[in-house]
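These notes are about the structure you will find just below.
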Amino acid sequence: MIRDRLTHSLRDALTAAGLPEPPAGVPLDVPKHREQGDFSSNVALQLKGHDGASPREIATRIRDELVKAKVAHVVEIEIAGPGFLNFHLDPAWTHDVVREAVAEGERYGRSEVLAGQRINLEFVSSNPTGPLHAGGGRWVAVGDAIANLLAAQGAEVHREYYLNDAGNQLDTFGASLLARARGEQPPELGYMGNYVIEMAERMKAELGDDLTLETAREWGYLDAVRELRDDLARIGVVFDTWFSERLLHERDDVNDVLNTLSEAGHTFDQDGAKWLRTTEFGDSRDRVVVRSDGTPTYLAADLAYHRDKMRRGFTHLIDIWGADHHGQVKSLQTGMQALGYGPPAEPEILLGQLVKLVRAGEVVRISKRTGNIITLADILDDVDPDVVRMTFLLLSIDSPQTFDLDVVTAQSMENPVYYVQYAHARVASIARRAAEAGIVVRPLDTVDLGVLQHVREHELLRSLDGYPDAVRDAAEMRAPQKISTWVREFAARFHSFYRECRVITDDAELTQARLWLVESCRIGLRSALELLGVSAPDVMAQLETDDTDDAGEANDTDGVDG
RNA sequence: GCGCUCGUAGCUCAAUGGAUAGAGCAUCUGACUACGGAUCAGAAGGUUGUGGGUUCGACUCCCGCCGAGCGCACCA
């Protein structure tokens with residue numbers, strides 16, 4: 001609200017002063033330091049050199065126009081440093097933030113800038129040859145949060161899981177399963193994990209001993225997919241589509257895409273294989289799409305797959321991959337370009353740095369192929385799904401993450417998620433107390449918010465005002481950690497307010513105003529937690545205290561939900 | 001060797017090219033007989049790996065070097 005007004009006024013002032021608008025639009029920021037005002041703009045710095053004026057001279061001209069226009073709530077416009085325009089507002093502007101949040105309710109922070117976009121977001125896509133490993137939980141949490149963020153900007157988002165069920169990995173897996181069922185060691189380069197032994201036992205119980213490579217493979221495939229679904233359900237993620245690679249081969253899509261590429265003149269034959277001339281579109285080397293034995297490569301199927309996504313009517317594709325696959329980015333994108341998609345590149349590929357699992361001070365290698373793995377389900381056995389999600393959403397995906405199993409389990413009660421949830425529970429608690437005290441909350445438009453004068457209230461609302469921007473930035477940059485960062489900061493402001501300002505007091509007017517203030521906080525907290533896929537509980541389970549020796553019974557601290 | 005990514009407080013990490021680089025943990029000092037102390041107030045902690053460059057302004061962009069991870073298949 002206030003931001004829109006300031007931006008608008010700035011634009012008018014530029015026009016009135018005969019200055020152009022910068023190509024990137026009119027900048028308006030929240031300065032880091034309180035003394036630098038409530039809002040600031042570096043527009044004069046961006047326009048430096050315009051008709052030879054210095055940034056400070058330009059800033060002065062803009063300020064003169066703004067002063068003439070008399071912008072609401074603005075008490076002083078200061079020109080600082082090399083030419084910043086710092087807006088000092090009267091504290092009452094934050095009262096508009098309460099009204100805005102309450103008026104928008106669950107829609108607060110959301111927008112429609114991506115309305116009309118149909119986005120296909122593919123993530124996880126772990127091979128159906130065993131359970132999800134713990135590190136894969138990062139892509140579960142991140143993918144789901146990014147999907148939420150894009151949806152919050154008005155896009156129609158489709159969550160998709162690609163099942164690599166046509167390659168030789170599945171054959172190897174089937175052979176490993178069959179060997180275990182027969183009490184033998186898996187073949188060389190097979191799946192060594194102990195989970196294969198357990199699966200083989202179940203398979204024998206269901207199918208008996210009359211097993212072939214094919215029945216073992218198919219049973220294992222279906223069982224693995226079921227387990228993937230179950231694990232994902234435990235953490236609350238549901239995919240709209242599980243896409244089978246086999247479908248592409250059955251429909252002859254792979255050959256069709258190869259023919260299309262050949263007819264367009266993008267392929268050539270060499271050494272008995274068929275190559276795709278991806279260098280034509282900027283790849284570092286050309287790629288084989290059909291091997292000399294006549295079978296298509298992974299890339300050929302992947303091109304057919306992504307073409308299928310485009311044909312299903314999506315306006316944009318996003319894939320989330322582990323950074324270990326970065327070598328394939330160029331080949332897929334340039335291949336898609338050969339098919340006529342992009343630029344800009346389709347799919348957009350988000351590379352996430354890998355998770356390093358640590359237990360007992362040692363790095364745990366995560367590979368389904370080479371032995372024991374720690375699964376996402378193992379972690380969910382020990383800690384709350386909310387803790388798991390938040391742990392994976394604290395970091396930028398550009399940062400490699402060290403996931404210390406001992407720390408996460410032993411200190412799960414100290415996880416930042418509880419700090420934020422506690423703020424939400426406090427809000428709910430206040431509402432309960434107010435109701436118990438027989439306080440009737442009057443309609444907001446009959447309440448005088450002008451009594452909200454405390455510096456903690458002001459800081460709290462300044463923070464809340466930043467939420468819509470945080471959502472927009474997080475969505476644009478595909479960076480859910482911006483939401484975790486915002487909500488932790490906001491929760492801190494709330495706790496600080498809570499300690500210093502009582503909501504329910506003998507002052508009826510102040511109580512009314514603060515109840516609405518707290519309601520606006522609830523809206524922000526709840527919305528942010530929802531974007532992260534984390535629950536917003538109204539009560540926190542009682543935490544065990546160890547300062548008394550009579551706390552013998554083990555309290556269940558996991559039973560929080562919204 | 002080539003390529004991609006990453007080096008920020010003791011530790012784990014934030015920071016659309018903006019002003020004085022911020023949190024949490026750990027350490028230290030404190031807090032209401034009141035809405036839930038899973039809380040709050042404060043202290044201390046930095047040559048943003050390193051050397052150049054671009055810019056009014058660089059953790060951020062460019063180049064070199066050092067270090068780490070990951071890729072360089074007619075595997076998936």
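All chains are named by letter (A, B, ...) in the order of the sequence lines, taking the proteins before the strands, and each is independently numbered beginning at 1.
You'll find the side chain of L460(A) stays beyond 4.5 Å of the side chain of L464(A), heavy atoms only.
Between the P atom of C35(B) and the CZ atom of R433(A) lies a distance of 7 Å, rounded to the nearest Å. Atom P of nucleotide C72(B) and atom CZ of R285(A) are separated by 9 Å, given to the nearest angstrom.
Taking the P atom of each, A44(B) and C6(B) are spaced 34 Å apart, rounded to whole Å. C75(B) and G71(B) have their C1' atoms separated by 14 Å, given to the nearest Å. A distance of about 23 Å separates the C1' atoms of C61(B) and U20(B), rounded to the whole Å. Between A21(B) and A14(B), the distance separating the two C1' atoms is 10 Å to the nearest Å. With both ends at atom C1', the span from C28(B) to C32(B) equals 23 Å, rounded to whole Å. Separating the C1' atom of C59(B) from that of G17(B) is a span of 11 Å, rounded to the nearest Å.
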Dot-bracket for RNA chain B, please. Rules: Watson-Crick or G-U, both distances under 3.5 Å, ( ) within the strand, [ ] when a pair crosses earlier ones, | for another strand, . otherwise. (((((((..((((....[...)))).(((((.......))))).....(((((..]....))))))))))))....
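Residue H326(A) is in base contact, counting any heavy-atom pair closer than 4.0 Å across all strands shown. Among the protein residues, R499(A) comes within range of the nucleic acid bases, having at least one heavy atom under 4.0 Å from a base atom. N168(A) comes within 4.0 angstrom of sugar-phosphate atoms only, judged by non-hydrogen atoms across all strands, and of no base. At a threshold of 4.0 angstrom between heavy atoms, the contacts of D506(A) with the nucleic acid are absent. K274(A) comes within 4.0 angstrom of nothing in the nucleic acid, heavy atoms only. Using a 4.0 Å heavy-atom distance criterion, A80(A) is classed as a base contact. Contact annotation for D324(A): backbone-only contact, meaning every heavy-atom pair under 4.0 Å involves sugar-phosphate atoms and none involves a base.
Using a 4.0 Å cutoff on non-hydrogen atoms, the parts of residues 25-40 of chain A near RNA chain B are D29(A), K32(A), H33(A), E35(A), Q36(A), S40(A), ordered by number.
At the phosphate of A15(B), OP1 or OP2 sits under 4.0 Å from a side-chain N or O atom of Q481(A). The shortest distance between the side-chain N/O atoms of R502(A) and the OP1/OP2 oxygens of C32(B) is not below 4.0 Å. Residue K330(A) places none of its side-chain N or O atoms closer than 4.0 Å to OP1 or OP2 of G3(B). Residue Y422(A) has a polar side-chain atom (N or O) positioned under 4.0 Å from OP1 or OP2 of A38(B). Residue Y419(A) has a polar side-chain atom (N or O) positioned under 4.0 Å from OP1 or OP2 of C40(B).
Partners of R442(A) by side chain to side chain donor-acceptor pair (under 3.5 Å), not counting sequence neighbours, listed by chain and number: T446(A), E509(A). For the ring-ring contact (aromatic ring centres under 6.0 Å, His included) test, residues two or more places apart in sequence or in another chain that qualify with Y162(A) are Y305(A). D506(A) pairs by the side-chain contact (heavy atoms from CB on, under 4.5 Å) definition with nothing, not counting sequence neighbours.
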Listing time: all N or O pairs from protein to nucleotides 5-13 of chain B that are below 3.5 Å?
| from | atom 1 | to | atom 2 | distance (Å) |
| --- | --- | --- | --- | --- |
| U5(B) | O2' | Q353(A) | NE2 | 2.5 |
| C13(B) | OP1 | P400(A) | O | 3.3 |
| C13(B) | OP1 | T402(A) | N | 3.4 |

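Residues Y221(A) and F173(A) place their aromatic rings such that the two centres sit no closer than 6.0 Å. The aromatic ring centres of F497(A) and H454(A) sit 6.0 Å or more apart.
Shown are D29(A), D465(A), D38(A); of these, the salt bridge (Lys or Arg N to Asp or Glu O under 4.0 Å) with R3(A) is made only by D465(A).
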